[in-house]
Amino acid sequence: MKLGIYGGTFNPVHLGHVHLLREVRRLTDLDKILVMPDRVPPHKAASDLASGEERAEMLKLAVQDIDGAEVSMLELEKEGKSYTYLTLRELKRLYPDDTLHLIMGADMLLTFREWRNWEEILGNARLIAAARDDGEYEKLKKAAAELGNADVLKIEPLPMSSTDVRQAVKAGQPINGMVPAAVARYIAEHGLYRQDRKD
Ligand code: ATP
């Protein structure tokens, strides 16, 4: 089986993430994509960071309609900071017969050699990077060829970030066009990201 891994903090998941997942599903023959919220160590946690369970719950709501995508708790359940090379070691153990594909944005591919144990990562997974436009596509193609075990897809991003969503909630603005409806409801019901939330 061809297994994709898409990691992030997802604080919260937004329509840009959903769009990327749908496009990767459309453009590749991956059988399954594990969407994996990372563990943020307590000393790094900001006051507007939702808990791991909340971030995972929102992700589940966001990916429920994406065929083949499922939320993995692997990194949340581990102690300490999430390191990709350790996560891939674990996935290799869990899925010895599968090939692993690590999905990432353009910037990440271009700085990939700064990742801890990047050579081990490259040995365990094929990288799939998303290029935003033609110019970036050419640049990424070159970087991918140099790394060897990497592919580039052209995916026009939705201009959106989790930071935008959190700021909108804080300012009391609607977030309907930024996150799936079920996620907007979850954020409202749990009072996430509001100015007056104490944590
Ligand atoms: P923040 O604003 O808090 O930094 P973010 O919106 O970048 O968060 P992350 O959880 O850091 O969200 O993103 C997870 C992954 O999704 C990363 O690989 C990131 O590059 C990618 N990503 C983020 N926003 C978009 C988008 N609008 N379109 C496509 N990919 C995105």
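Atoms within each ligand, like the ligands themselves, are counted from 1 in listed order. FYI, side chains are in, hydrogens and waters are out, and symmetry mates aren't considered; it's all heavy atoms of this structure. Please read these numbers as outputs of a predicted model, since none were measured by experiment.
- The distance from ligand 1 to the heavy atoms of Phe10 drops below 4.0 Å at these ligand atoms: 10 (O).
- When heavy-atom distances to ligand 1 are checked against a 4.0 Å cut-off, Met104 has no atom that comes that close, whether in backbone or side chain.
- For atom 11 (O) of ligand 1, the nearest non-hydrogen atom of the protein is Thr9 N, 4.3 Å.
- Nearest non-hydrogen protein atom to atom 15 (C) of ligand 1 is Tyr6 OH, 3.4 Å.
- With respect to Glu189 and Arg185, no salt bridge is recorded, no charged nitrogen being found less than 4.0 Å from a carboxylate O.
- In this structure, Arg166 has a heavy atom closer than 4.0 Å to ligand 1.
- Closest to atom 22 (N) of ligand 1 among all protein heavy atoms lies His17 CD2, 3.8 Å.
- Each of the following atoms of ligand 1 lies closer than 4.0 Å to a heavy atom of Gly8: 10 (O), 14 (C).
- For atom 29 (C) of ligand 1, the closest non-hydrogen atom on the protein side is Gly16 O, 3.8 Å.
- In terms of protein heavy-atom proximity, atom 6 (O) of ligand 1 is closest to Ser162 N, 2.7 Å.
- One finds a salt bridge joining Glu120 and Arg89 here, because a Lys/Arg side-chain nitrogen approaches an Asp/Glu carboxylate oxygen to under 4.0 Å.
- Nearest protein heavy-atom neighbour of atom 25 (C) of ligand 1: His14 CE1, 3.8 Å.
- Taking only nitrogen or oxygen atoms, main chain and side chain alike, Met160 reaches within less than 3.5 Å of ligand 1.
- Under the 4.0 Å criterion applied to side-chain N and carboxylate O atoms, Lys60 and Glu57 are assigned as salt-bridge partners.
- Under the 4.5 Å side-chain heavy-atom criterion for ILVMFWY residues, a single connected hydrophobic cluster contains both Phe112 and Ile5.
- Remark: Glu156 CD is loosely packed, at most 12 non-hydrogen atoms of other residues, nucleotides or ligands lying under 6.0 Å away.
- Among the atoms of Asn11, none of the N or O lies under 3.5 angstrom from an N or O of ligand 1.
- Ligand 1 has at least one atom lying under 4.0 Å from a heavy atom of Gly7.
- The Ser161 neighbourhood of ligand 1 comprises atoms 2 (O), 6 (O), with distances under 4.0 Å to a heavy atom of that residue.
- Residue contacts with ligand 1 include Leu158, since one or more of its heavy atoms lies under 4.0 Å from the ligand.
- A donor atom on one side chain and an acceptor atom on the other are not found under 3.5 Å apart for Arg55 and Asn11.
- In the vicinity of Met108, heavy-atom distances shorter than 4.0 Å reach the ligand 1 atoms 17 (C), 18 (O).
- At a heavy-atom cutoff of 4.0 Å, ligand 1 is contacted by both the backbone and the side chain of Thr163.
- In this structure, atom 27 (N) of ligand 1 has a protein heavy-atom contact shorter than 4.0 Å.
- If you check the side chains of Ser51 and Glu54, you find a donor sitting under 3.5 Å from an acceptor.
- Using a 4.0 Å cut-off between charged nitrogen and carboxylate oxygen, Asp134 and Lys154 count as a salt-bridge pair.
- There is no side-chain donor-acceptor pair under 3.5 Å between Arg166 and Tyr193.
- A cation-pi arrangement is found for Lys81 relative to Tyr83, the charged atom lying closer than 6.0 Å to the ring centre and inside a 45° cone about the ring normal.
- Asp48 and Lys170 are joined by a salt bridge, as a carboxylate oxygen and a charged side-chain nitrogen come within less than 4.0 angstrom of each other.
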